[in-house]
Structure formats: structure tokens, C-alpha cells
Amino acid sequence: MAQKPSIPKGTRDFTPQEVSKRQYIINTIKGQFELFGFQPIETPSFENSETLMGKYGDEGDRLIFKILNSGEYLSKVDNGIYQKKDEVKLTPLISEKALRYDLTVPFARYVVQHQNEIDFPFKRYQIQPVWRADRPQKGRFREFYQCDADVVGSDSLWQEVEFIQLYDAVFTQLKLKGVTLKVNNRKILSGIAEVIGAKDKLIDFTVALDKLDKIGEEKVKEEMLSKGISALGIQMLEPLFNLSGDFGSQIRKLKEILGKSSEGLKGIEELDFINNAISKLGLQTATLKLDVTLARGLNYYTGAIFEVAAPEGVDMGSIGGGGRYDDLTGIFGLNNVSGVGISFGLDRIYLVLETLNLFPETVTGATKVLFINFGETEAMHCLELIQALRAENIKTELYPDAGKMKKQMTFANKRNIPYVVMVGEAEIQSRIYTLKNMASGEQQQLSRLEIIELLK
RNA sequence: GUGGUUGUAGCUCAGUUGGUUAGAGCGCCUGAUUGUGGUUCAGGAGGUCGUCGGUUCGAGACCGAUCUUCCACCCCA
């Protein structure tokens, strides 16, 4: 019995046109990655569960796709646990593998595992799909691509500076003008938390603060209160909510708020360094902006935090993000290796380029000329010609069946193939072929060399 | 995981308070045109109305479950 085919929620098929457009974005990003000296790696689509679990917080664990063990996976399970239906205890017993949730943690694992072969500082890029058991909505899928570039083994702030340039270079080349590169520093957030006496509630504090532009000052204060941050502390944040002015003046105001927090001041210093460098170097189309509310949920960031916002007027979440994580490899037993990296959200960039109509028309590598098939002898002759055209790098096809001419022409038309060549008895005799321009309808009689010249 | 929303032809969508044989546009196929597509004209095919169950004399429409779409939370690219 035939069943209606379907694909799982949050996944997609891609048509040839869509693949071409995606390749266009990927090739642009890849080209810039390599221009900046990054080398590609790939890691498996699934990892051992313990590699991933606990790295993204409780929320993250919930969103990791677990892979059921093979075979008699229930035989090892203790009856008590099974009957209590305790997922937290049961899951590790029946699932030992999980789908990759992002590219950063697998990369950390890779670095630790290959530490003796790697020449540090190691700059790697990675473009692969990741999976999240999330509820899909606009720009959110359960399978999507991340395009990551990271450097490990260097504390230098020049890396941060280069990543900002890299973002600028990619979006400039994609003709996506007006993206905002938001930066912040975890040390500043941590310093503020310290100053207001909420050092132990750093995560709750940052998650709430992160929502400022979305839910507003009052709601943020409410959330902080409900998470146990003191009213007095929240009052001290007042200047933070009204932070304005350019990068430099915001930094001066932050300095006042942070006062004696040495960690916070360190963060200020780092941001100041980055801003000075970028001011001198300049950006092509992007704008660098300090955003103290920028927190990003991932708890492994320790220094700089980046997020890329689509140009104003495009309703899309962030199209990229990243930051510095001083001790990511520590969880896998390799200490004192600092890393910093950024990520491009391919699927969201696609949606933004589509919305703004920024894909070049030439993005599809479609066939340029179709040879009409009149029969066995003619087809043989065509293939000899086609060989010659392909040798000149002209994308050429022979219609495989000697069907009706109308059908073959319709096919060329629907595929948007700009030229067709007709080779019948007369053409074979004279070795002068009929080339038709499908857009204008014009036809000319040309020799093999003339055709090559025209189409090359 | 919570709350809401959507599903009718290949696509975009109509379909009245429940009532005969479920429609349109576009697309598709055939012919006018056996060596000429895109325009025009004539004709044609295509539906278990997401799925399963219920209410009813009668369900595309009402009820329940489930899947799916999109949206808001949570979180995030």
C-alpha cells in the first residue's frame, strides 16, 4: 500500500536552484575563511553522548537528538529505573550516541584528541549540518548548517580583530550591506554581576539582561527579581539600561559602573583594544556596535562575545555569533588552551538574501546549450560535437530520446537553456549546424568552430 | 517542553447556518504546427478535502485524537 511520503518536522528538501544558492553562500564563506588562513576539518555527524551532554546547559541537553542503541537495548536496563519512567536515568542506558548539536564542542574534542599532531595556534573552519530537537519556526530548523571558524592556542586579541574583519569581508562579498556586528565581553557581564552582588547568579542575570531590547526594561527587572537578584542590585543597573552614545563613550560610562571590579575592567580594556584597532583599520559595509545586553546563552564564553544582526528592516534573529572561550578543551582534559571563534548561520543568511533579492542571477550553473536528438545517426554526430564543446568548458547536453521536436524544445525552454543546436541529415552533410537563440528566436547556420567561439 | 494556528488538484487559494456530481487561476497533457519552444486558440487529465475515530438521515464544514505548517514562549543559528 502506497503511503504519502513526507519528511520529519523541521527538515527540508532542497531543489537544484536552492542548492545552487546555498553553494553560492557556502563558497563565499569558504573563500574568505581560506583567505584568512583557516583550514578545513570535518567531524562525525554523531558523537558519544558524554561528549555532548552537559556542555550546553540543561536546556541544551533537552534539545540534543539522542540515538537509540542497537540490538537488545532494554536488556541492560534496571527494572526499577524502567518502571519509574525516569528519563534522566534511563536515557544514558539506552542511548550512547547523539547527533552533533553544534560544531564548537566537537571541535574541542578534536583538538584534545589530536593535540600532538596539531601545530598551534590552529585555525580551522568547518561547514557541516547540526541537529536540534527544537520546535521549528521562522528561520529555525531541526537540521541546519553551521559555518564555523575558530582559532585555538592563542590569547591574542588580534584574533578578535580579525574575526570582525572576516565577518565584514563575507557580508560585503555577499552584497549584504548594513549588518551590525554586536560585541560584548563576558568579563564585563561578570564584573557587573559582581558589583551588584549577584556573582553566583551570573547565568540568570545575563539571560535576563539579554532580553532587554525584546521585552523591555521593566520585564527584565521583574525577571531578575524573580531569580533572586536584590532590588538594590537592580537599582545599580539603572545607568546600564540607558547606555547610549558611541563605542568610546559607552566604555567610559561602563568604567564608572564597574568601579573596583578588576575582572570587569579587564573586559573593558579588551573591548577598547578591539574598538581602537577596528577604528583604524575600518570596515567595508558592517557596523561595529557595543551591546552590553548581548549575553548569548552558551556558558562557555569567557571573553569577547559576538553576534551578527541582519540589516535593519529584516525580521530575522541573529545570522551569526561567536566568542572567546578560554577553557573549552578543559572539559576534555587539555588545559590552558584558549579559543575564539565565529559562526555563520547559513540557513538564515539564505532567508535574508532571498528577502532582499540579493542572489546574483548567474548563481545557477545551468546548461548553456542543448542538442536536439533526431535519431541514432544524428545523436552520434551530436556527441562528437558535444565532446568538443565540453572540452572548451561549455555546459552541454544531448536530449537523450529522439522524441518529438516540440517536446525537446519545450524541455529546453523550461530548463532555461539559452541555446539549442539542431543536427539533422542536411547539417551532417554540410557540417554547418543550426544554432537557435532561445531568447530571441533567431537562428544561424554555423560551423563547429563558430559555435564554440559564440558560446565560449 | 507550554500556548495558539494551519492543512481542499502539481502550486496559490475559493467553497455560505452541515444538503445532489467539491470549484477557480496558474501549471500539466493532447491537437491546431510530423524540423521549432516561449505568445494565441480548441480540447483533456488530475481530489480517499492531512490521517484515524466520533456526532448526524447526511460531514470538506461540527467534536476528539494524531501528524504537519506557521507563530509566540523557553532557548537559539
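Sequence lines set the chain letters: A, B, ... in the order given, protein chains first and strands last, and positions in each chain run from 1. Just so it is clear, the structure is predicted and the values come from calculations on it, not from any experiment.
Considering Tyr167(A), Phe144(A), Phe306(A) in turn, Tyr167(A) is the only one that fulfils the ring-ring contact (aromatic ring centres under 6.0 Å, His included) rule with Phe344(A).
At the heavy-atom level, Thr410(A) lies under 4.0 Å from the strands shown only through sugar-phosphate atoms. Glu143(A) comes within 4.0 angstrom of nothing in the nucleic acid, heavy atoms only. The residue Gly139(A) sits close to a base: some heavy atom pair falls under 4.0 Å. Using a 4.0 Å heavy-atom distance criterion, Lys407(A) is classed as making no nucleic acid contact. The residue Phe344(A) sits apart from the nucleic acid: no heavy atom pair falls under 4.0 Å. Contacts of Gly10(A) with the nucleic acid, taken as non-hydrogen atoms under 4.0 Å apart, involve only primed sugar atoms and P, OP1 or OP2.
Using a 4.0 Å cut-off on heavy atoms, the residues of residues 438-456 of chain A that approach RNA chain B are Met438(A), Ala439(A), Gly441(A), Gln443(A), listed by number.
The nearest whole Å value for the distance from the CZ atom in Phe144(A) to the C1' atom in C76(B) is 8 Å. Between the NZ atom of Lys219(A) and the P atom of C74(B) there is a distance of 10 Å, given to the nearest Å. Counting to the nearest Å, the P atom of C75(B) and the NZ atom of Lys55(A) are 21 Å from each other. The CG-C1' distance, from Leu63(A) to U2(B), rounds to 14 Å in whole Å. One can place CG of Leu103(A) at 14 Å from C1' of C76(B), the figure rounded to the nearest angstrom. Rounded to an integer number of Å, the gap from CD of Glu427(A) to P of U36(B) is 13 Å. Here G27(B) presents its P atom at 19 Å from CZ of Phe411(A), a figure rounded to the nearest Å. Whole-Å rounding puts the Met405(A) CE to U33(B) P distance at 16 Å.
RNA chain B forms stems at B:1-4 with B:70-73, B:10-13 with B:23-26, B:28-32 with B:40-44, B:50-54 with B:62-66, each a run of 3 or more consecutive Watson-Crick or G-U wobble pairs whose two key distances fall under 3.5 Å.
No hydrogens or angles considered: nothing links the side chains of Thr287(A) and Thr180(A) as a donor-acceptor pair under 3.5 Å. A donor-acceptor pair shorter than 3.5 Å cannot be found between the side chains of Ser447(A) and Arg431(A). Checking Glu96(A) against Ser49(A) by side-chain atom types alone, no donor-acceptor pair falls below 3.5 Å. Side-chain polar atoms of Ser338(A) and Arg324(A) form a donor-acceptor pair below 3.5 angstrom. Donor-acceptor pairing under 3.5 Å is recorded for the side chains of Asp102(A) and Tyr56(A).
Within 6.0 Å of CD in Glu42(A) there are 12 or fewer heavy atoms belonging to other residues, nucleotides or ligands.
No cation-pi contact links Arg132(A) to Phe65(A), judged by a cut-off of 6.0 Å to the six-membered ring centre and 45° from its axis.
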Between the protein and nucleotides 6-11 of chain B, which nitrogen or oxygen pairs are less than 3.5 angstrom apart?
none

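Between Lys404(A) and C29(B) there is no side-chain polar atom (N or O) within less than 4.0 angstrom of OP1 or OP2. Within the 4.0 Å cut-off from OP1 or OP2 of C70(B), not a single side-chain nitrogen or oxygen of Lys138(A) is found.
Annotation: U16(B) and C75(B) have their P atoms spaced 43 Å apart (nearest Å).
Out of U69(B), C75(B), A72(B), the shortest distance to the side chain of Arg135(A) is found at A72(B). When distances are taken from the side chain of Ser318(A) to each of C71(B), G1(B), A77(B), the shortest belongs to A77(B).
Below the 3.5 angstrom threshold, one finds a donor paired with an acceptor across the side chain of Lys436(A) and the base of U36(B).
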